Amino acid sequence: MEVGFLGLGIMGKAMASRLLKHGFRVTVWNRTLSKCEELVEQGASIGETPALVVKKCKYTIAMLSDPAAALSVVFDKDGVLEQISEGKGYIDMSTVDAETSSKISEAIIKKGGSFLEAPVSGSKKPAEDGQLIILSAGDKALYEVILPVFDVLGKKSFFLGEVGKGARMKLVVNMIMGSMMNALSEGLCLADKSGLSPQTLLDVLDLGACSNPMFKLKGPAMIESKYPPAFPLKHQQKDMRLALCLGDEHAVSMPIAAASNEAFKKARSHGLGDLDFSAVYEIVKGTAPSGNAA
Ligand SMILES: NC(=O)C1=CN([C@@H]2O[C@H](COP(=O)(O)OP(=O)(O)OC[C@H]3O[C@@H](n4cnc5c(N)ncnc54)[C@H](OP(=O)(O)O)[C@@H]3O)[C@@H](O)[C@H]2O)C=CC1
Ligand SMILES: O=CCCC(=O)O
């Protein structure tokens, strides 16, 4: 199967690479075109624009930073809409809000194409290892056709119904994750300031009811103030913001998420946006450097 892939950031690069390793023919595009070179070395072809990728491939996947990027790649000059047509499928795996996803879906369908939203849970390593959790919604027939691709990228694929349900599920999950990261940061800080070993706190947590892979993975690096980006903090803040908008729409009060969003925003204002989202710990500790927003 020939697959187009738009967006070769942390996630897109790992996902496109995995598809190549599993025998798919992949045509890639990235806004910063030089980032395509590593994939070309692995056997990918380059499409010079999103439109040219869609022209060449029956199915095209996108993995882009945020709603603005997802819309731009579809609607702008040389974008997806210029070449999408009957028989072609577009699968957007970026984390965006339901409104963005619906706009894209409507435009694609109007041109005769089919659309699936399919945001993912799981970060850089699960993407490299094909262990993502895929939260798809939209065109069921396209879901069935693209399952062999999802089976290579993920450990489990959900089909959640009409467009918007995948986007909303992803935002709810990341809202919880962002709040948990803030709770962990406060706990590590409190342990340290009150004379306890943060590492022993992690050991205790890991044996109890709130043991989870995220604390286990991120905790030790946080103690060492190391934040190599797997999930950039600026994207976590975007997801908190979009989840809070969803809460507004449905009149759901979310004070914990709102407080967590403030901490992520503050982290961005201190220039920590490109670090891993666990860098919010620096804000909780009060040790963040002053810096420019990212
Ligand atoms: N990292 C993670 O752990 C996870 C991320 N996600 C979600 O996946 C998506 C991608 O994340 P990730 O790979 O980490 O992000 P990165 O920041 O590493 O990559 C973002 C990608 O979007 C492209 N991009 C940004 N703005 C535009 C634009 N205006 N037009 C065209 N392309 C644009 C970038 O291109 P360029 O290279 O030119 O800047 C790059 O290819 C996000 O929605 C994120 O929330 C979901 C699950 C996990
Ligand atoms: O959106 C990013 C999610 C990261 C993760 O699930 O570990």
Side-chain angles (χ1 to χ4, degrees), residues 4-18 28-39 46-51 53 60-80 91-97 100-101 104 117-129 131-136 153-156 166-167 169-181 184 212-219 221 227-243 264 268 273-279 294:
F5 209 105
L6 310 178
L8 302 175
I10 293 173
M11 294 298 282
K13 180 176 138 186
M15 292 159 76
S17 172
R18 190 159 170 91
V28 295
W29 171 85
N30 192 67
R31 179 180 62 173
T32 309
L33 270 178
S34 57
K35 287 196 194 163
C36 296
E37 280 159 22
E38 201 178 324
L39 275 295
I46 295 186
E48 300 292 333
T49 65
V53 172
T60 299
I61 294 173
M63 193 55 162
L64 301 157
S65 51
D66 54 20
L71 291 167
S72 161
V73 162
V74 171
F75 290 97
D76 286 358
K77 185 172 177 306
D78 296 326
V80 169
I91 302 106
D92 193 346
M93 304 187 78
S94 323
T95 303
V96 297
D97 54 313
T100 299
S101 204
I104 294 172
E117 63 183 10
V120 300
S121 255
S123 196
K124 184 179 174 194
K125 182 80 168 52
E128 288 166 352
D129 297 344
Q131 293 295 303
L132 296 171
I133 301 152
I134 300 173
L135 306 170
S136 56
L153 297 178
K155 62 179 174 187
K156 170 82 183 169
M169 180 65 84
K170 172 64 186 165
L171 292 180
V172 173
V173 170
N174 272 27
M175 183 267 281
I176 296 169
M177 195 177 77
S179 299
M180 284 172 63
M181 179 52 80
L184 176 62
N212 69 76
M214 184 177 85
F215 288 4
K216 209 177 164 80
L217 179 70
K218 306 283 183 184
Y227 312 104
F231 180 34
L233 187 144
K234 64 186 174 191
H235 294 331
Q236 171 67 83
Q237 196 268 314
K238 172 247 317 174
D239 295 350
M240 293 304 279
R241 172 171 61 79
L242 296 176
F264 287 122
R268 281 185 57 201
D274 288 325
L275 298 182
D276 192 71
F277 76 119
S278 48

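Owing to the predicted nature of the structure, the values given are computational and were not obtained by experimental measurement. Order of listing sets the numbers, starting from 1, for every ligand and every atom in it.
- Using a 4.0 angstrom heavy-atom cutoff, Lys238 counts as in contact with ligand 1.
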Self-check item: Lys218/Phe277 under side chain to side chain contact (heavy atoms under 4.5 Å, CB included): CA gap, chis, key distance, verdict
Solution: CA-CA 10 Å; Lys218 306 283 183 184; Phe277 76 119; 3.7 Å; yes
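- Residue contact check: Asn30 has heavy atoms under 4.0 Å from atoms 35 (O), 36 (P), 37 (O), 38 (O), 40 (C), 41 (O) of ligand 1.
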Exercise. Check the pair Lys238 / Thr95 against side chain to side chain contact (heavy atoms under 4.5 Å, CB included), numbers first and verdict last.
Key: CA-CA 9 Å; Lys238 172 247 317 174; Thr95 303; 3.5 Å; yes
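- By heavy-atom distance, the residue among Ser123, Pro126, Gly9, Pro232 lying nearest atom 14 (O) of ligand 1 is Pro232.
- A distance of 9.5 Å separates CD of Glu128 from OG of Ser123, quoted to the nearest 0.5 Å.
- A distance of 11.0 Å separates CG of Leu153 from CD of Gln131, quoted to the nearest 0.5 Å.
- At under 3.5 Å, not a single nitrogen or oxygen of Val73, backbone or side chain, sits near a nitrogen or oxygen of ligand 1.
- No side-chain heavy atom of Leu233 sits less than 4.5 Å from a side-chain heavy atom of Tyr227.
- Of all the heavy atoms of Leu8, the ones lying under 4.0 Å from any atom of ligand 1 belong exclusively to the backbone.
- Residue contacts with ligand 1 for Met11 involve both N, CA, C or O and side-chain atoms from C-beta outward (heavy atoms, distance under 4.0 Å).
- Every atom of ligand 1 is numbered from 1 in the order shown, and the set under 4.0 Å from a heavy atom of Gly7 is 41 (O).
- Contact analysis leaves Ala68 out of contact with ligand 1, as no non-hydrogen atom separation drops below 4.0 angstrom.
- For atom 33 (C) of ligand 1, the choice among Ala69, Ser72, Ala70 with the nearest heavy atom turns out to be Ala69.
- Annotation: Ser94 places no N or O atom under 3.5 Å from an N or O atom of ligand 1; distance criterion only.
- For atom 22 (O) of ligand 1, the nearest non-hydrogen atom of the protein is Ser65 N, 3.2 Å.
- Checking only distances, Lys170 never comes within under 3.5 Å of ligand 1, N or O to N or O.
- Atom 28 (C) of ligand 1 has Arg31 NH1, 3.4 Å as its closest protein atom, hydrogens excluded (heavy atom only).
- The distance from atom CG of Asp274 to atom CZ of Arg268, rounded to the nearest 0.5 Å, is 9.5 Å.
- Looking at Lys35 next to ligand 1, an N or O pair under 3.5 Å apart turns up.
- In summary, the atoms of ligand 1 found under 4.0 Å from a heavy atom of His235, numbered by their order in the structure, are 11 (O), 14 (O), 15 (O), 16 (P), 17 (O), 45 (O).
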Would you mind writing out the side-chain donor-acceptor pairs for residues 5-16 within the sub-3.5 Å range, not counting sequence neighbours?
from  : atom 1 : to    : atom 2 : distance (Å)
Lys13 : NZ     : Glu38 : OE1    : 3.2
Lys13 : NZ     : Glu38 : OE2    : 3.4

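- Among protein heavy atoms, atom 38 (O) of ligand 1 sits closest to Thr32 OG1, 2.5 Å.
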Practice problem: Would you sort out whether Thr60 and Trp29 count as a side chain to side chain contact (heavy atoms under 4.5 Å, CB included), showing the intermediate values? | Solution: CA-CA 10 Å; Thr60 299; Trp29 171 85; over 6 Å; no
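- The Met63 neighbourhood of ligand 1 comprises atoms 8 (O), with distances under 4.0 Å to a heavy atom of that residue.
- Each of Asp78, Val80, Val53 was evaluated against Val73; a single residue qualifies, Val80, per the side-chain contact (heavy atoms from CB on, under 4.5 Å) test.
- Taken from OG in Ser94 to NZ in Lys170, the straight-line distance is 11.0 Å, to the nearest 0.5 Å.
- Residue Gly122 has at least one heavy-atom neighbour below 4.0 Å for each of these atoms of ligand 1: 47 (C), 48 (C).
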Practice problem: Show your reasoning for whether side chain to side chain contact (heavy atoms under 4.5 Å, CB included) applies to Leu33 and Glu48. | Solution: CA-CA 8 Å; Leu33 270 178; Glu48 300 292 333; 3.8 Å; yes
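- Taking every heavy atom of Val120 and a limit of under 4.0 angstrom, the matching atoms of ligand 1 come to 46 (C), 47 (C).
- The distance from the CE atom of Met180 to the CZ atom of Phe215 is 4.5 Å, given to the nearest 0.5 Å.
- Proximity of His235 to Asp66: side-chain heavy atoms (C-beta onward) are nowhere separated by under 4.5 Å.
- Across Leu64, Thr95, Leu71, Val96, heavy-atom proximity to atom 9 (C) of ligand 1 is greatest for Leu64.
- Taking every heavy atom of both residues into account, Ala118 and Ile91 meet most closely at CB-CG2, 4.0 Å.
- Here the CD atom belonging to Gln236 is positioned 10.5 Å from the CE atom belonging to Met175, to the nearest 0.5 angstrom.
- Annotation: atom 1 (N) of ligand 1 to nearest protein heavy atom, Ala230 O, 2.7 Å.
- Asp276 places no side-chain N or O within 3.5 Å of a backbone atom of Pro232 that could act as its donor or acceptor partner.
- Of the N or O atoms in Ile10, one or more lie within a sub-3.5 Å distance of an N or O in ligand 1.
- Each of Ser121, Gly122, Ser123, Lys170, Asn174, Met177, Phe231 has a non-hydrogen atom positioned under 4.0 Å from some atom of ligand 2.
- Here the side chains of Ser101 and Asp92 are not in contact, with every heavy-atom distance at 4.5 Å or above.
- Contact of the Glu117 side chain with the Val96 side chain is not registered, since no non-hydrogen atoms from C-beta on lie closer than 4.5 Å.
- At a heavy-atom cutoff of 4.0 Å, ligand 1 is contacted by no atom of Met93, backbone or side chain.
- Considering backbone and side-chain atoms together, Asp66 places no N or O closer than 3.5 Å to any N or O of ligand 1.
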